[in-house]
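First up is the structure itself, then whatever we jot down about it.
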Amino acid sequence: MKALSLACAAAAILTGPALATPPDALAPAGRWSAYTAGPAATPPMGWSSWNAFATDIDETKILGSARKIVDSGLAAKGYRYVNIDDGWASKRRIPDGHMIIRPDRFPSSRAGGDTPTFRPFTDRLHAMGLKAGIYSDLGRNTCSEAYSPTQDNLPKGSVLEREVGLYGHIDQDIALYFRDWGFDFIKVDGCGLRDYGAASERVRSGRFRALGPILDSGAVSRTDIPAIQDMFRQINRALRNDNPDGDYLLSLCVWGAANVRAWGKDYGAISRTSDDIAPAWGRMLVNYDSVVTRPLYAHPGSWNDPDMLYIGAGDFDADHLIEARSHFALWAMLNAPLMIGADLRKMPPALMDIIGNADIIALDQDPAGNQATLAYDSSDVQILVKTLASGEKAVAIFNRGSGAYDVDLHASHLRFSGDAPIELTDLWSKQKSAFVDTLRLHLRPRETLVFRARGTRVLQGGYYLSETPGRVNPAVDGVIRPVADPTIFRTAAGWAGTSGAGDRPIYAGWGGARADSAPYGQILQVSGKAFRTGIGILANSRLEVRNAGSRRFQADVGVDDSATDKAHAVVFSIYGDGKLIGRSRPLSWGMAAQPLSAPVAGVKLIELVARSAGADDAELPVTWGDAALMDR
């Protein structure tokens, strides 16, 4: 039968109408393709129940934290989402599939009579000036059903009644959560696609039905990425249908698996790039590392998410204020969603001061939407720099280790002139200072110093693209075979502690677009000429660049010296609102970089395409050296 089916299919191909030519992903689209649905022009801020309570949640705990957000002034500083995580569902009612809330934990839901409703709960949050968030899973079952050590706080009933995930119920559940219950935010987990395969003990025992696995955290090659993307498309369609005012946020939570760090920006307002955070310094580094080299994949409307803040516990409690400050400052520099994970009813004043630091919150919420880029990178010390809407820079000097360091901050790190004074404001102490060219700073173990800086720009009359990553979207980054990122820090403080064999690299995306770096981490260099600034990306790629009044684009382009493909040529093209406005001659490895520029006055969207015929993209990194938008 199988052979016959294949033969019939082949005959249909041969005898049927000519197949349509596959769309050319490198052809100019003339539009910004990254996600912009929902009110996420800046990273969402708020509170989530998981870190503090896991599944042991109830109305008193959640509303108590909500009240603290308002009374403490945190709401006025931008914290507005109050999100219920896993643990709220009692069961899925059979046969109509309606979701049932745990009425013992949410007594206000009894207002719905035999069918509990969250509407009184969300109405109460809205009356406080807050937004309400809820949790679900892509699969039939949730993460807690897979990993909880006890059956406490989990859905009860038959196999079908315990299937509380979205699978098979997307339209029904989204309509219930947003139209009927009044939620504004949904976090969608992925355990239901990963942990309920036919070979798993939980399925073999008869407690759950088999599904997949469709997602494999350990190997992207064993993951059905198109199937996962299609589920998120269905969720987005349902969200649009049930929120005609557009007031909704979708949070993707597949932990950096399924190569989501490349495409999450196109499917949701925030997208998790790592496994769950824990209150341990090493685990914080894991999550931070999964984001810090990815500023080109975050923009107004779609943000990288290294998971919630864990300030208030473990290495980030009131006895570890240096670590807590670092955690908060780094998340702000990364433009991460600032989601508090602590029991705010018990949060000490010193920690409230950290999460309420308005100057650092302002870095996270800066309207330019530029995630910080790495100006200096080592295993011990890193310097992160962010271009702000005002033209000032935010700079964080981060000591990752357990020893003190003396660090030199150079004007060149900030793209400022070394001949003119640079004014600094310390955002922890509020002290002001100034220096010319170089400033030596002392860093205590695990300390992060963070400043606003004002100076004279090296590039007069324009900005390097790598300074403004929020304007740049790698619509096609050339990665055709996603592989695990080998730079991820691994820690024993994860979900499993020291059981099993330990963490393995699971974060696909190595080889993606980089700011001021070649795709695999080397310096940008073409035929021996190094570029301090620019965009490194693989061949057969397309970058979208939003233009805000600039008149000229310019760059030096060529095949990067790190390429192992020394045969295939690359042609670099510039498009303005879909029309060709500049093109290079074919350039191969070893050829000098070619200056390439084009007028862009009046152009809204610039597209930068690097095309090569017959090449293996992974072996052909290219450089847009000193790429810049100029005012003249």
Side-chain angles (χ1 to χ4, degrees), residues 46-72 74-75 79-94 96-137 141-145 148 150-158 160-166 169 172-189 242 248 308 339-347:
W47 176 90
S48 177
S49 62
W50 181 257
N51 288 356
F53 305 117
T55 57
D56 187 20
I57 54 176
D58 60 46
E59 200 161 350
T60 299
K61 292 174 179 176
I62 295 170
L63 290 176
S65 288
R67 176 48 58 191
K68 186 67 176 287
I69 288 173
V70 174
D71 292 347
S72 67
L74 290 177
Y79 293 94
R80 60 176 183 155
Y81 286 95
V82 174
N83 298 334
I84 304 172
D85 211 287
D86 203 354
W88 64 266
S90 173
K91 64 179 180 180
R92 185 178 294 281
R93 189 170 63 194
I94 304 299
D96 66 355
H98 189 89
M99 288 293 295
I100 301 299
I101 304 160
R102 296 172 66 190
D104 58 319
R105 295 302 184 99
F106 295 91
S108 69
S109 69
R110 293 192 177 101
D114 293 337
T115 304
T117 174
F118 263 129
R119 177 59 76 169
F121 174 83
T122 60
D123 284 349
R124 188 165 178 183
L125 289 176
H126 293 152
M128 296 164 67
L130 302 173
K131 298 284 188 179
I134 198 168
Y135 167 96
S136 192
D137 194 286
N141 301 95
T142 70
C143 289
S144 292
E145 290 181 277
S148 179
T150 74
Q151 297 301 303
D152 298 343
N153 307 313
L154 298 185
K156 301 296 191 292
S158 67
L160 295 181
E161 287 174 321
R162 287 184 280 109
E163 292 181 350
V164 297
L166 290 172
H169 298 274
Q172 178 183 17
D173 287 358
I174 294 297
L176 177 67
Y177 301 159
F178 286 83
R179 185 188 63 206
D180 298 343
W181 287 352
F183 281 96
D184 312 288
F185 177 112
I186 187 168
K187 171 185 170 183
V188 181
D189 235 330
D242 292 296
Y248 63 87
M308 293 168 278
M339 295 292 178
I340 303 163
D343 184 351
L344 284 174
R345 301 170 304 168
K346 303 176 182 178
M347 180 79 92

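For the atom pair OG (S49) and CG (D343), the distance works out to 11.0 Å, reported to the nearest 0.5 Å. Interatomic distance, CD1 of I186 versus CD1 of I84, reported as 11.5 Å (0.5 Å rounding). Here W50 contributes atom CH2 and I57 contributes atom CD1; the two are 9.0 Å apart, rounded to the nearest 0.5 Å. The structure places CZ of F183 at 4.0 Å from CD1 of I134, a figure rounded to the nearest 0.5 Å. Between atom OG of residue S158 and atom CD of residue E163 there is a gap of 8.0 Å, rounded to the nearest 0.5 Å. Between atom CG of residue L176 and atom CE of residue M99 there is a gap of 8.0 Å, rounded to the nearest 0.5 Å.
Considering every non-hydrogen atom in both N83 and G133, the closest pair reads OD1-CA, 3.2 Å. Across every non-hydrogen atom of S136 and V164, the tightest pair is OG-O, 3.9 Å. Nearest heavy-atom pair, H126 versus G182, reported as atom, atom and distance to 0.1 Å: CE1-O, 3.0 Å. The shortest non-hydrogen separation linking S109 to P103 is OG-CA, 3.7 Å. Minimum interatomic distance between V188 and D137 (heavy atoms only, all atoms of both residues): CG1-C, 4.0 Å. Summarising the geometry of D173 relative to G165, their closest heavy-atom pair is OD2-O, 3.7 Å, with the distance given to 0.1 Å.
For A111, the side chain to side chain contact (heavy atoms under 4.5 Å, CB included) test picks out P120, with sequence neighbours left out. The side chain to side chain contact (heavy atoms under 4.5 Å, CB included) check on I94 picks up L160, E161, with sequence neighbours excluded. Every residue two or more places apart in sequence or in another chain that forms a side chain to side chain contact (heavy atoms under 4.5 Å, CB included) with N153 is listed here: T55, D56, R102, R105. Residues passing the side chain to side chain contact (heavy atoms under 4.5 Å, CB included) test with N51 are I277, M308, Y310, sequence neighbours excluded.
None of W88, F118, F121 except one satisfies the ring pair (Phe, Tyr, Trp, His ring centres under 6.0 Å) rule with Y177; the exception is W88.
Remark: side-chain polar atoms of R179 are not paired, donor with acceptor, to backbone N or O of D242 under 3.5 angstrom. Although no hydrogens or angles enter the test, the distance criterion places no donor-acceptor pair under 3.5 Å between the side chain of R345 and the main chain of S65. With hydrogens and angles disregarded, no donor-acceptor distance shorter than 3.5 Å links the side chain of Q172 to the backbone of H169. Within the 3.5 Å criterion, the main-chain N or O of L344 finds no donor-acceptor partner in the side chain of K346. W47 places a side-chain N or O within donor-acceptor distance of the main-chain N or O of A342, the cut-off being under 3.5 Å. Judged by distance alone, with hydrogens and angles left aside, the side-chain atoms of K156 form a donor-acceptor pair with the main-chain N or O of Q151 at under 3.5 Å. Side chain of S90 to backbone of I100: no donor-acceptor contact under 3.5 angstrom is found.
Ionic pairing of D114 and R93 is not present here: no N-O contact between side-chain nitrogen and carboxylate oxygen is shorter than 4.0 angstrom.
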query: What do the steps show when you test L130 against V70 for side chain to side chain contact (heavy atoms under 4.5 Å, CB included), and what is the final call?
result: CA-CA 8 Å; L130 302 173; V70 174; 4.0 Å; yes
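Residue pairs meeting the salt bridge (Lys or Arg N to Asp or Glu O under 4.0 Å) criterion with at least one member in residues 118-133, sequence neighbours excluded: R119-D123, K131-D247. Applying the salt bridge (Lys or Arg N to Asp or Glu O under 4.0 Å) rule to pairs touching residues 79-89 yields D85-K187, sequence neighbours excluded.
By the 4.5 Å heavy-atom criterion applied to side chains, Y135 and C143 are counted as neighbours.
For D184 and Y81, the side-chain atoms include no donor-acceptor pair closer than 3.5 Å.
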